[in-house]
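See below for the structure under consideration.
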Amino acid sequence: MNAVPVVTRFAPSPTGELHLGNVRTALFNLLLARRLGGRYVLRIEDTDLARTTEAHVAGLLGDLRWLGLAWDEGPEAAGAHGPYRQSQRGDVYAPLLRRLEEQDLAYPCFCTSAELELSRRAQLAAGRPPRYAGTCAQLDATARAARVAAGARAALRFRIPAGRTLQFDDLVHGPQQVDAALIGDFVIRREDGTPAFFFANAVDDSLMQVTHVLRGEDHLANTPRQLLVLEALGLRAPRYGHLPLLTGTDGTPLSKRNGAQSVRELREAGFGAPAICNLLFRLGHSCADNRSLAIEAMAARFDPAHLQRASAHFDPVQLRHWQGLWVRSLSPEAAQDWLAPFLPTDVPPAQRAAAVAALLPNIVAAGEVSEWLPVVFGGELRFEPEARAAVERAGAGFFRAVAAAVTDPAELPALRAASERKGAEFFAPLRAALTGRMHGPELAPLLKAMPPALVRARLAAWAG
RNA sequence: GCUCCCUUCGUCUAGAGGCCCAGGACACGGCCCUCUCAAGGCUGGAACACGAGUUCGAAUCUCGUAGGGAGCGCCA
């Protein structure tokens, strides 16, 4: 029935580090493409020359790849509709802009930002929407020529047609209707010649054959502008779906203040890409399956009908949950790779493996291993008061008896039996002496990971 | 100010007129398991923003109120 192949896209602006809100948008577009058997395009919207940096572009691509959200078409994966960076698409935009101007569907605007700001303030003060006043809308050719001759530079403004009502069917919000009279003429080419968002974004989607766009709800009210631009150019518009915004735990937009971290920060803290994606998959989208899912499994369960309309709180506690599921699913080898950056480098492989095996069940974020490093590899133990008390209660005799044989964890049960102590009475002081704490990983694997000399020294310290 | 969007347990959500005195997950409490913690199993408390209407019947439809958010940029 629908012969047009599905194409979705993610079109970030490389003006900062990748944040969770953007990641979710990318994820959903990728999932939608996979679900519908289509392609997923990445386009870099770097028209804001001042704020775009190459470091941000590189970071963006790296973060997306690390997350497992690779694109079918885009930078470093060229397809038929490139280039995929708006800064390189000037030749694509120029004729379209010229056409709009020639047909008087757009006009040069000589207003300065100071004038515009003044006008905006005046309208706001008068209790009216701050729209472009139309100062340059009726300038004739002579007047324009005079301004240009006088050295004035112009932006290009799109002329809103009179008496239009725009209708579109939003993928998540359903039918929408907007009176075009409510929209002011807007800039489609800046004074410096770069294309503005409403224009470039809409045009590129169409030119790149994008059929479905999932994007932030902040774009909902502006969608009619893009529809108008595409209509004027005779280009086909994609279907838009506006995702509810992601907020922090306090309900305000995600920011450093409410615990939002960039992808880079999360990665460096040892969070896994699957944990991040699984959480995001359920923020604004419902899924009956509570297991940690791979991208393909998410795609199979992704359904635009299950998209939420209300904004969602990002909760670090829930991130920990998905992280825990992921960590527990790790193979021994994968766990070692994951923890490697957080472990000392000068440790024999066998001991490393033993340490990871012992600590893994008690670790959620990778950074948490650091507090166990002194325990396992040697170093000053910080005794909890309770642990000290437990050790002292057990007495020197206990440690003398136990010191001889503990190097072989397999003998722990026999030793315990010989000590004629109940489980807790035997293990608690042992654990306390070895780790300085009352809680932690199981003792047998812990002992396997600790150098025998370290074990002996820690027990001997209490043997009198 | 104007326009638009939104509103189910603390949080993420199920729910598209009777299946719901509202189900699941996270978090929290209890119990079990267990050398402790974690994990796991069982279990408990916890929500339809408010008010009118429509209907035999409303979390679900309509209107209004309140609250939250977004847009109105030569940012994207």
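This one's a predicted model, so the numbers in the text were calculated from it and none came from an experiment. The chains referred to below are lettered A, B, ... by the order of the sequence lines, with proteins before strands, and numbering in each begins at 1. These values consider heavy atoms only, across backbone and side chains, with no hydrogens, waters or symmetry-generated copies.
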So CG of A/Asn222 and CD1 of A/Ile183: to nearest 0.5 Å the spacing works out to 8.0 Å
Using the P atom in both, what is the distance from B/rC2 to B/rG24, to the nearest Å? 45 Å
For the C1' atoms, the ones on B/rC20 and on B/rG57, what distance do you get once it is rounded to whole angstrom? 13 Å
For A/Cys287, which contact category applies under a 4.0 Å heavy-atom criterion: base, sugar-phosphate, or nothing? nothing
Considering the options A/Glu191, A/Arg98, A/Arg189, which one meets the side-chain contact (heavy atoms from CB on, under 4.5 Å) requirement together with A/Leu156? A/Arg189
Under 4.0 Å: is that the gap between some side-chain N or O of A/Arg51 and OP1 or OP2 of B/rC75? no
Kindly say if A/Ser113 contacts the phosphate of B/rC74, meaning a side-chain N or O under 4.0 Å from OP1 or OP2. no
Establish, with yes or no, whether the OP1 or OP2 oxygen of B/rC74 is under 4.0 angstrom from a side-chain nitrogen or oxygen of A/Arg120. yes
Nearest-nucleotide pick for A/His306, side chain only, options being B/rG15, B/rC12, B/rC35: B/rG15
Go through the side-chain N and O atoms of A/Glu115 and A/Ser119 and say whether any donor and acceptor fall under 3.5 Å apart. no
If the C1' atom of B/rG64 is compared with that of B/rU54, how far apart are they to the nearest Å? 15 Å
Rounding to the closest angstrom, what is the interatomic distance between B/rC61 and B/rU43 at atom C1'? 38 Å
Over all strands shown, is A/Gln176 touching base, sugar-phosphate only, or nothing at heavy-atom distances under 4.0 angstrom? sugar-phosphate
Of the nucleotides B/rU13, B/rG1, B/rC37, which one has an atom closest to the side chain of A/Glu442? B/rC37
So A/His242, base contact, sugar-phosphate only, or nothing? Heavy-atom distance under 4.0 Å. nothing
Taking the six-membered ring of A/Trp372 (Phe, Tyr or Trp), confirm whether the NZ or CZ of A/Arg437 is under 6.0 Å from its centre and within 45° of its axis. yes
Want to settle it: does A/Pro361 or A/Pro12 sit nearer the 5' end of RNA chain B, counting the closest nucleotide to each? A/Pro361
Assess, by modelled atom type and distance only, whether the side chains of A/Asp315 and A/Thr249 contain a donor and an acceptor separated by less than 3.5 Å. no
Look at all strands and tell whether A/Phe186 reaches a base, only sugar-phosphate, or nothing, counting heavy atoms closer than 4.0 Å. nothing
A/Arg157 charged N/C atom sitting above A/Tyr107 aromatic ring, 6.0 Å / 45°: no
Out of B/rG24, B/rA14, B/rA76, minimum distance to the side chain of A/Asn290 belongs to B/rG24
Paired nucleotide for B/rG53 [Watson-Crick or G-U wobble; both distances under 3.5 Å]: B/rC61
Give A/Pro441 one of three labels, base, sugar-phosphate or nothing, depending on what nucleic acid heavy atoms sit under 4.0 Å from its own. base
From C-beta outward on A/His173, which listed nucleotide comes closest to its side chain: B/rA76, B/rC35, B/rC6? B/rC6
Centres of the A/Phe28 and A/Phe302 rings: under 6.0 Å? yes
Partner nucleotide, any strand, of B/rC2 [Watson-Crick/G-U, under 3.5 Å]: B/rG71
May I ask you to check whether over 12 heavy atoms, not counting those of A/Gln88, lie within 6.0 Å of atom CD? yes
What is the distance, rounded to the nearest whole Å, between atom CZ of A/Phe158 and atom C1' of B/rC72? 17 Å
Name the closest nucleotide to the A/Gln318 side chain, picking from B/rC26, B/rC74, B/rG1. B/rC26
Output the single nucleotide from B/rC37, B/rC4, B/rC12 whose closest atom is nearest the side chain of A/Asn362. B/rC37
Counting Watson-Crick and G-U wobble pairs only, both distances under 3.5 Å, name the nucleotide matched with B/rC48, or none. none
Given RNA chain B, 5'-ward residue of the pair A/Ala288 and A/Val317, judged by closest heavy atom: A/Ala288
Ignoring the backbone of A/Arg190, work out which of B/rU11, B/rA76, B/rG69 is nearest its side chain. B/rA76
If the P atom of B/rG41 is compared with that of B/rC63, how far apart are they to the nearest Å? 46 Å
With a 4.0 Å cutoff (strictly under), does any side-chain N or O of A/Thr47 reach OP1 or OP2 of B/rA76? yes
At 4.0 Å (heavy atoms only), tell me whether A/Arg157 reaches a base, stays on the sugar-phosphate, or touches nothing. sugar-phosphate
Atom-pair distance (CD on A/Glu117; P on B/rG73), nearest Å: 10 Å
Respond yes when some side-chain nitrogen or oxygen of A/Gln308 is under 4.0 Å from OP1 or OP2 of B/rA14, and no when none is. yes
What contact category does A/Arg282 fall into here, base, sugar-phosphate, or nothing, at under 4.0 angstrom with non-hydrogen atoms? sugar-phosphate
Atom pair distance, as rounded to whole Å: NE2 in A/His313 and P in B/rC6: 17 Å
Whole angstrom value for the distance that separates C1' of B/rG15 from CG of A/Asp303: 15 Å
For the side-chain contact (heavy atoms from CB on, under 4.5 Å) test, which of A/His219, A/Gln176, A/Arg309 pairs with A/His242? A/His219
So how far is it from A/Leu330 CG to A/Trp338 CH2, rounded to the nearest 0.5 Å? 7.0 Å
Look through every strand shown and name the nucleotide pairing with B/rG29 as Watson-Crick or G-U wobble, where both distances are under 3.5 Å. B/rU43
If you only use heavy atoms from C-beta on, which nucleotide in B/rG71, B/rC5, B/rC26 is closest to the side chain of A/Asn222? B/rG71
What integer number of Å spans the C1' atoms of B/rA25 and B/rG71? 34 Å
Quick note, A/Ala221 side chain, CB onward, closest among B/rC35, B/rG1, B/rG71 is B/rG71
Write down the partner of B/rC20 under the Watson-Crick or G-U wobble criteria, each distance required to be under 3.5 Å. none
With the side chain of A/Ala312 defined as its heavy atoms from C-beta on, choose the nearest nucleotide among B/rA39, B/rC12, B/rC35. B/rC12
With rounding to the closest Å, how many angstrom separate the C1' atoms on B/rA46 and B/rG29? 12 Å
By the 4.0 Å heavy-atom rule, please label A/Glu191 as base, sugar-phosphate, or nothing. base
Who pairs with B/rA66 - Watson-Crick or G-U, where each distance is under 3.5 Å: B/rU7
Under a 3.5 Å cut-off for both contacts, is B/rA38 paired Watson-Crick or G-U wobble with anything, and if yes, with which nucleotide? none
Atom CG of A/Leu325 and atom P of B/rA38 are separated, to the nearest Å, by 16 Å
Quantified in whole Å, what is the P atom distance between nucleotide B/rG67 and nucleotide B/rG53? 23 Å
Classify the nucleic acid contact of A/Ile363 as base, sugar-phosphate or nothing, counting any heavy atom under 4.0 Å across all strands shown. nothing
Contact class for A/Arg225 vs. all strands (heavy atom < 4.0 Å): base, sugar-phosphate, or nothing? sugar-phosphate
